[in-house]
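Computed from a predicted model, the values in this text were never measured in an experiment.
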Amino acid sequence: MKPEKKKFVVSSLVALTIASTLAGCSGNNGSTAGEGSNAEDSSSGTDLKPITLTYFSEDGSTNWNNMKDEVGKIITEKTGVTLDAEFAVGDPVQKISLIAATGNYPDLLAAKADVGKLVDAGAVIDLTDLIDKYAPNIKKMLGDKLVRTKYSLDDEAIYAIPTWSAVDEKKMKADGGFELQHRVVKEAGYPEIKTVKDYEKVIQDYIDKHPTDENGNKNIGLSLNGDDWHMYQVTNSGFQTTGGPDDGEYYIDQETHQATYHFRRPEEKEYFRWLNHMNDIGLLDPESFVQKTDQFKAKVASGRVLGLADPEWDYGDAQNALKAAGKFDQTYGHYPVTMSKEYKDTSFWPAGFDGGYGISISSKCKDPVRAIQFLDFLASEEGQIFNNWGIEGKHYTMENGKREVIPAVQQRMDNDNAAFQKESGVGLYWNMMVHYGDGIKDSTGNYFTRSFPEQLTASYSEPEKEALKAYGVDHWKELFPSEEEFKPRAYGAAYTMSLASDDPAVILGAKMKDITWKRIPEAVMAKPDQFDKIWDAYMKDLDKAGVKEMEEAYTKHVQNRIKLWSSK
Amino acid sequence: MKTITLGTENAYKKRRKSAWKQLKNQKYLYYMSIPFVLWVFVFQYLPLWGWTMAFQKYKPGIGFFDQKWVGFEHFRTLFRDEHFYQVLRNTLAMSFMGLIAGFIVPVIFALLLNEVRVQSMKRFVQTVSYLPHFVSWVVAAGIVSKMLSTDGGVINDILLGLNIVDQPVQFMAQGHLFWGIVTGADIWKETGWNAIIYLAAISGIGPELYEAARVDGASRLRQMWHITLPGIRPTIIVLLIMSIGHLLGTGFEKQFLLGNHLVIDYSEVLDLYALNYGLAMGRYSFGTAINIFNSVISLMLLFAANGVFKRFTNESIM
């Protein structure tokens, strides 16, 4: 889109430069556009005739192996489908916009919250009939939750099969909250860690005693990952520590369903003031908002970062590196940290099944029937066990009706998960299938997923077990307020709502995001006496940019969703 | 009067005829250029059709004639956005800094390198200096931010070691340093490469000129000033004019990869602005409007620069 208008005849010397300049430009010109549609025979004779479906997903999949992994081969064998997959690199929204604009749609698309862009462009098809005719497994699993997959009140079509959120999930694994290295809590004698002050104290005590690691490199108190969209992770702690459920960038009143841009809550200001304080006393990594994700991960993997406030899926790779190096006491436990004891940590506030994110079939799909059958196979009991457990005899055994992971396999999962996943494919397909959550049993009476209590226990390392024992619990989850303490949200999780690209909530939302992502780091890194001033300016910026108008628009969407979901 | 007209007409005809003749004589050369002309047309001129988008309220998925036309609406939005002027300032600032540094430093480097007498040393230095050119910006930005890191970064270690500062400097977190960092990184990465062209031009200068100057008792500095520099002047000017045309289109990789939320007021450039506020938000038309603005300004700068140089130095690329 950046036309070069220069066409000169110059000396041959200069021609060389032109050549290299043009080559450089064509590099930025987005040659990455979804070159989907490869010429493949599209007639579907028998069901298992080999077919290649192209697929794009907004979420990365670092261990993707082009279905050459063991589980992938079996899936291909059973369905005839090979996926030619592409995963987003960097900001996926740009890629989806590009796909929508060029009309080069892959057969299958996972656009998450941006599916609205594709719906606007007519890029995805209504799946209602396809599910009805060809997808018995999906129908069975979703049952009366199928209504939650409908797009909107005005357009009750189903554009995405919800493959991200687990059905009937009873989460067993804590993977959020605040994290502390096991050695840090051990040194402090495993004190109660409930508030930011508790959290701060153990880190301060540890760092006072051990300012550097054995090689003389500085230990780091708390490091954040504020690279690009990872800012969401940084700012989510704002509502997490002040009793708000995760509804994306909004705080939604549970009675009136009024949406507030969550940074405008006075409670959250105090959280960011605390971060500012952490920075002031030198416990916050000064590079928190400067470092790139790779640098952040490298730092965590070095074992020098004592505390995190990050979801496990973000720092998991780094923690795996620590495990592989045998530094188990430098891996992390999860703690329900809030601003003060009056707030409950909301990590386990159930969203119910939230339809939301999922896979769509594009209007240019070679064979929508085969595509839905493929997705249906993955949703079957057989498909789910392949993904979650692997192959019988190779990855797990069935003895006396009990499914168990082979010990050698378990060891590889714990210590060398990346390579293991790449060759086995176990767990690689979780977000391509409608799936049951943790704690649900299959027809043989075994759990569908591998995170059930006994299995989780088996995966803990020694220092981790020691810490859990000291706290008198079996799993990290037990430290957190449980699901039963919260009232289910009538609208699921608000962030899974997909809005049209020209919706005021979307356009204003982008402006707010820019303001917030600039102001929050500024406020946190400032001198403490400057904090209030910056925060006031921040609030004024939001007002000026139309935050109230945005909140009103969003409130309406939330209320519409409640209406849609209560229809039958 | 009449004869004059006739005369010019004749001359015109004659010229035309000879032009045809020349064309015929060189027909193989023209045949050879066809693929390139086609290439330029397909990849550089056909996409200009997409500019129509800027005057529509473009929605993907529907035909060209079903789009809603909105005239200059998107340009009005653009020029009314305060943010846009900040972005424009950043783009121009970094471009000019890059232009000046990226033009002076390689010339000096080439001059100095040319004076190195030991051939093997010269080769070695040259190779090392243009190596970073082949490293992509992703990697280069990683190296730069690691070097400037407060957590074991080389620069901070040196500054601390020499007692110049007593606290590590947060290079990447300070907006006013960002332009300098980008320019510095650019110099490090491109100096060696850009110097190659000047070195090539220098080697084309006849040795007899130097010999004559030496006989006249010119020192090496004098030789540089009076022979080498004037010798490569045409090359310098052509390259300078061309880089002026690229002023607004410096790309966004450097800024994108080196920037962060703390320095966004200084790091956001036009291309990033088009990406974030155009494409990423599905505002295709707005994004196109930004790029049209970009192209028009580039073209104007190019012609202006060319005109100025033509007037003062008689060197021109058109």
Side-chain angles (χ1 to χ4, degrees), chain A residues 1-8 10-11 13-14 16-18 20-22 24-28 91 93-94 96-98 100-103 114 116-117 120-123 217-218 220 226-228 231 285-287 289-292 294-295 299 363 501-502 506-507 510 514 517-518 520-522 525, chain B residues 40 43-45 47-48 50-51 58-62 83 141-142 145-146 149-152 168 170 172-173 193 197 200-201 204 234-235 238-239 242 245-246 249 251-253 257 260-265 271 274-277 279-284 287-288 291 294-295 298-299 302 317-318:
Chain A
M1 274 206 229
K2 214 175 48 183
E4 290 283 343
K5 302 153 298 309
K6 295 130 205 152
K7 187 183 64 165
F8 318 114
V10 221
S11 70
L13 266 180
V14 180
L16 177 78
T17 359
I18 300 182
S20 65
T21 324
L22 288 176
C25 287
S26 60
N28 328 337
D91 188 358
V93 185
Q94 292 157 11
I96 284 292
S97 302
L98 215 57
T102 55
D114 301 312
K117 290 197 170 79
D120 289 350
N217 295 312
K218 267 193 194 146
I220 298 163
D227 180 17
D228 202 9
M231 271 302 281
D285 180 2
E287 293 191 314
F289 297 103
V290 173
Q291 62 194 345
K292 303 285 163 192
D294 302 339
Q295 290 170 298
K299 232 179 239 173
S363 55
S501 48
D502 54 356
V506 173
I507 296 192
D514 280 351
W517 287 4
K518 190 169 80 190
I520 292 283
E522 190 187 342
M525 304 303 285
Chain B
V40 168
F43 288 101
Q44 312 291 345
Y45 284 88
L48 288 184
W51 278 19
Y58 176 80
K59 280 203 154 193
I62 55 175
H83 194 123
S145 44
K146 185 70 207 159
S149 165
T150 51
D151 182 54
Q170 283 262 28
M172 305 301 283
W193 179 255
I197 293 167
T235 317
V238 167
L239 286 179
M242 285 187 44
H246 281 292
F252 63 90
E253 291 108 320
L257 292 163
N260 58 60
H261 300 300
L262 278 169
V263 297
I264 194 104
D265 282 348
D271 282 344
L275 187 69
N276 292 334
Y277 283 80
L279 187 63
M281 289 172 63
R283 291 158 86 199
Y284 305 99
T288 314
N291 271 331
N294 201 335
S295 299
S298 297
L299 213 59
L302 183 72
I317 56 173
M318 269 174 279

(request) Among B:Val263, B:Asn276, B:Asn260, B:Leu257, single out the residue with the greatest number of heavy-atom pairs under 4.5 Å to chain A. (result) B:Asn260
(message) When you measure from the side chain of B:Tyr284 to the backbone of A:Ser97, do you find a donor-acceptor pair of N or O atoms at a distance under 3.5 Å?
(response) yes
(request) Answer yes or no: is there a side-chain heavy-atom contact under 4.5 Å between A:Trp517 and B:His261? (result) yes
(request) Enter the distance from A:Met525:CE to B:Leu262:CG here, rounded to the nearest 0.5 Å. (result) 6.0 Å
(request) Answer yes when B:Asp265 and A:Lys518 have at least one side-chain N-carboxylate O distance shorter than 4.0 Å, and no when they do not. (result) yes
(request) To the nearest 0.5 angstrom, please state how far the NZ atom of A:Lys292 sits from the OG atom of B:Ser145. (result) 7.0 Å
(request) Supply the atom-to-atom distance B:Thr150 OG1 to A:Asp285 CG, rounded to the nearest 0.5 angstrom. (result) 6.5 Å
(request) Against chain B, label A:Ile507 side chain, backbone, both or neither, depending on which of its atoms sit under 4.5 Å from a heavy atom there. (result) both
(message) For a quick test of reading the model, state the closest non-hydrogen atom pair linking B:Gln170 to A:Glu287 and the distance between them.
(response) NE2-N, 4.5 Å
(request) Under 4.5 Å heavy-atom distance to chain B, tell me which part of A:Asp514 shows up: side chain, backbone, both or neither. (result) side chain
(request) Please state whether the side chain, the backbone, both or neither of A:Ala101 comes within less than 4.5 Å of a heavy atom of chain B. (result) both
(message) Taking every non-hydrogen pair under 4.5 Å, which of B:Ser149, B:Ala141, B:Gly152 racks up the most with chain A?
(response) B:Ser149
